[in-house]
Amino acid sequence: MMIGITSIGAYLPRYRISEKMINEAWGRPGGRSERTVGYFDEDSLTMGISAIYTCLKDHEIEKIEGLSFSSTTSPFKEKLASTTMSMILNLPPETRTFDIGNSLRSGTSALLSAYDSVKSGSLKRVLVVASECGRLEVPGGMNEGLWGDGACAMEVSEEGALLNILGYLSYSDELSHFWRRSEDRYIQSEDVRFPQIMGYARIMESAIDGLFKKFKCQPKDFAKVVIDAPDGRSHQGLMRRFGFDLKTQVQDLMHSSIGSLGTAHPFIMLAAALEGLKPKDKVLWGSYGDGCDLFIVEAGEKVIDYQRGSPFKSMINNREMISTYTKYLSFKKVLAGEEPDYYSSISGLLRERDRFSRFIGGKCKVCGYITTLALRVCPECRKKDQFENIKLSRKGTIYTFTQEWYYPSPEPPTTLAVVDLESGGRVYCQMTDCSDPTRVKIGMPVEMTLRKYHEALNLPHYYWKCKPVLA
């Protein structure tokens, strides 16, 4: 059976900032685009988890044997984010985890590694996650309105491919287009035209020519061309040079609607392109950064099912504009606000990780009572030490809530909710992704989402919050 991408799931944060708002803050006219902005409690790890849950159902996640995480904005410089994610997903400790970063094509590099692992037989199912949150331009810089946040997850396997991988070419070329040193917070770049011509145009033309010669194909063989680019002008120039039809063959870059999502962007573009494919359609797909990775993929029969159930269009449409430029800067911690002094401990995190990270509760083997707390005695039947671990439902409704205006937050008030979970059990948590406190109602449907709770010991601490279920 042919190896391919068996499932794709994307995650786009709900919030957007307009180019016009950024320009107005700096006294500049114009601006018609917008880009995604992660909420103040999101990072590339939490977005990756959200993308995984969009990609696979819980019973499918349990079968994963390898997990890779690709990002230039990992919350850690010396720690595997993929191992943290594996623990949150409750994967077995034998799961192979690895991070690939430092390049905008690290996601496709991880996909190549996953493909080789499945082809060799060392792994059967590998989850490849590409995620970005917090690629920043210096405030007032020319690209401040371009860099967006988002994530995508893909499963690579032999079982029922959504997209069969027919061939690939990896091309390495050293040219400093965009970069950040380890001590830099903001993206660096040089003169615009030189890297466009001697970087993107030269590298991509050479690589595409090489792919066409290697696999004896030509532009008319592809129903869709899904290739990332640093800007629209370079992208259209490349497409025209190869004779691709801009209206029927070329996938939109989406820079004007969501921005450029770094490592995740070629994955997001492919997820969007799937909406219009038919079985047997061939796609030329690729990423750019320190060279490029190019793939020839073919749509399988599962593409019809994907189109019926894909939430991608709703992610694009369900958006909320950030109200002020200052709020955006506070979300990204460019402007520091008041923060409480948190206490934590590594031993405490290890002891409580089933509840805090894995979202595991207890079910009484005698009466079936479900609790989200670490109990020994069942409150219902009073039996002792009869609890078994169960994975709690991530959907529920608000039983009651309160709103705290004095808790330090970039977007007050902080809503504290008691949520009745669908499968049973009741959890007390913060609410997120709800900028309008008047929308919160008793009985409101919510879903649980992993978010940053606070930072202590110079570590991000993650916990589950509830967020409104979008219509």
Side-chain angles (χ1 to χ4, degrees), residues 41 43 45-46 49-50 52-53 57-59 61-62 64 67 75 79-95 97 340-402 404 407 414-432 446-467:
D41 58 359
D43 64 11
L45 188 151
T46 65
I49 291 291
S50 295
I52 290 170
Y53 282 126
K57 296 179 174 64
D58 284 348
H59 71 276
I61 293 174
E62 294 171 358
I64 292 298
L67 171 63
K79 190 181 188 314
L80 283 180
S82 56
T83 297
T84 302
M85 296 169 77
S86 177
M87 180 271 295
I88 290 167
L89 297 169
N90 205 28
L91 297 177
E94 295 81 13
T95 303
T97 57
D341 184 18
Y342 293 107
Y343 167 79
S344 186
S345 72
I346 300 297
S347 59
L349 290 171
L350 179 63
R351 184 172 58 250
E352 300 290 345
R353 68 182 180 182
D354 277 357
R355 290 194 302 128
F356 289 172
S357 300
R358 291 171 169 156
F359 207 50
I360 287 176
K363 181 178 181 179
C364 179
K365 291 183 282 188
V366 178
C367 69
Y369 179 83
I370 294 176
T371 178
T372 60
L373 304 175
L375 302 179
R376 293 188 64 188
V377 177
C378 177
E380 190 71 23
C381 68
R382 312 307 296 175
K383 298 296 183 181
K384 186 178 180 182
D385 294 334
Q386 292 298 311
F387 282 104
E388 61 180 349
N389 287 340
I390 62 165
K391 189 76 173 177
L392 296 167
S393 171
R394 297 194 312 277
K395 293 187 180 297
T397 56
I398 291 182
Y399 173 76
T400 188
F401 68 93
T402 186
E404 175 58 69
Y407 184 85
T414 298
T415 299
L416 304 170
V418 177
V419 176
D420 283 336
L421 302 174
E422 276 187 359
S423 62
R426 180 174 285 175
V427 63
Y428 178 59
C429 61
Q430 290 184 7
M431 178 174 273
T432 188
V446 294
E447 61 181 342
M448 305 302 295
T449 180
L450 187 80
R451 294 296 173 92
K452 284 194 301 182
Y453 199 67
H454 63 252
E455 291 194 11
L457 302 174
N458 289 322
L459 274 174
H461 296 298
Y462 301 99
Y463 190 57
W464 295 84
K465 300 182 180 182
C466 67
K467 69 175 183 177

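Between K363 atom NZ and N389 atom CG the span is 12.5 Å, to the nearest 0.5 Å. In this structure, L349 CG and L457 CG are separated by 7.5 Å, a value rounded to the nearest 0.5 Å. Note: I390 CD1 to L392 CG = 5.5 Å, rounded to the nearest 0.5 Å. Rounding to the nearest 0.5 Å places CE of M448 at 4.0 Å from CZ of F359. From C378, atom SG reaches atom NZ of K384 across 14.0 Å, with rounding to the nearest 0.5 Å. Interatomic distance, CD of Q430 versus CH2 of W464, reported as 15.0 Å (0.5 Å rounding).
Summarising the local packing, NZ of K467 is surrounded by more than 12 heavy atoms from other residues, nucleotides or ligands at distances under 6.0 Å. Counting heavy atoms of neighbouring residues, nucleotides and ligands inside a 6.0 Å radius, atom OH of Y399 does not exceed 12 of them.
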Open item on the list: For a salt bridge (Lys or Arg N to Asp or Glu O under 4.0 Å) check, start with the C-alpha distance between K465 and D41, then their side-chain angles and the critical distance, and finish with the verdict.
Closed with: CA-CA 10 Å; K465 300 182 180 182; D41 58 359; 3.0 Å; yes

TODO: May I have the step-by-step check of side-chain contact (heavy atoms from CB on, under 4.5 Å) for R394 and D58, ending in yes or no?
DONE: CA-CA 10 Å; R394 297 194 312 277; D58 284 348; 3.0 Å; yes

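Salt bridge present: K395 and E447 bring a charged side-chain N and a carboxylate O closer than 4.0 Å.
The minimum heavy-atom distance between G362 and F387, with the atom names listed, is C-CD2, 3.7 Å. When all heavy atoms are compared, the tightest approach of L45 to P75 is CB-CG, 4.0 Å. The minimum heavy-atom distance between S423 and I370, with the atom names listed, is O-CD1, 2.9 Å. A pairwise comparison of heavy atoms in I64 and T95 identifies O-OG1, 4.1 Å as the closest pair. Residue T97 comes nearest to S82 through the heavy atom pair CB-OG, 3.4 Å, listed as atom of the first residue, atom of the second, then distance. Between K452 and P460 the shortest heavy-atom distance is CD-CB, 4.2 Å.
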Residues 84-92 side chain polar contacts: donor-acceptor under 3.5 Å, at least two apart:
| from | atom 1 | to | atom 2 | distance (Å) |
| --- | --- | --- | --- | --- |
| T84 | OG1 | K79 | NZ | 3.2 |
| N90 | OD1 | R358 | NE | 3.4 |

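Residues passing the ring pair (Phe, Tyr, Trp, His ring centres under 6.0 Å) test with Y53, sequence neighbours excluded: none. For S50, the side-chain contact (heavy atoms from CB on, under 4.5 Å) criterion is met by Y11, T449, not counting sequence neighbours. In this structure Y463 satisfies the ring pair (Phe, Tyr, Trp, His ring centres under 6.0 Å) test together with F356, Y453, sequence neighbours excluded. With sequence neighbours excluded, the residues forming a ring pair (Phe, Tyr, Trp, His ring centres under 6.0 Å) with H454 are Y342, H461, listed by chain and number.
Tested against C429 for a side chain to side chain contact (heavy atoms under 4.5 Å, CB included), the candidates L416, V419, V418 yield a single pass: V419. The only option from R351, E352, R353 that meets the side chain to side chain contact (heavy atoms under 4.5 Å, CB included) definition with R355 turns out to be E352. Just one of T46, D43, T432 meets the side chain to side chain donor-acceptor pair (under 3.5 Å) condition when paired with R451; it is T432.
No donor-acceptor distance shorter than 3.5 angstrom exists from the side chain of S393 to the backbone of L421, with no hydrogens or angles considered.
For residues 368-381, every residue pair satisfying the side chain to side chain donor-acceptor pair (under 3.5 Å) rule, not counting sequence neighbours, is listed here: R376-D385.
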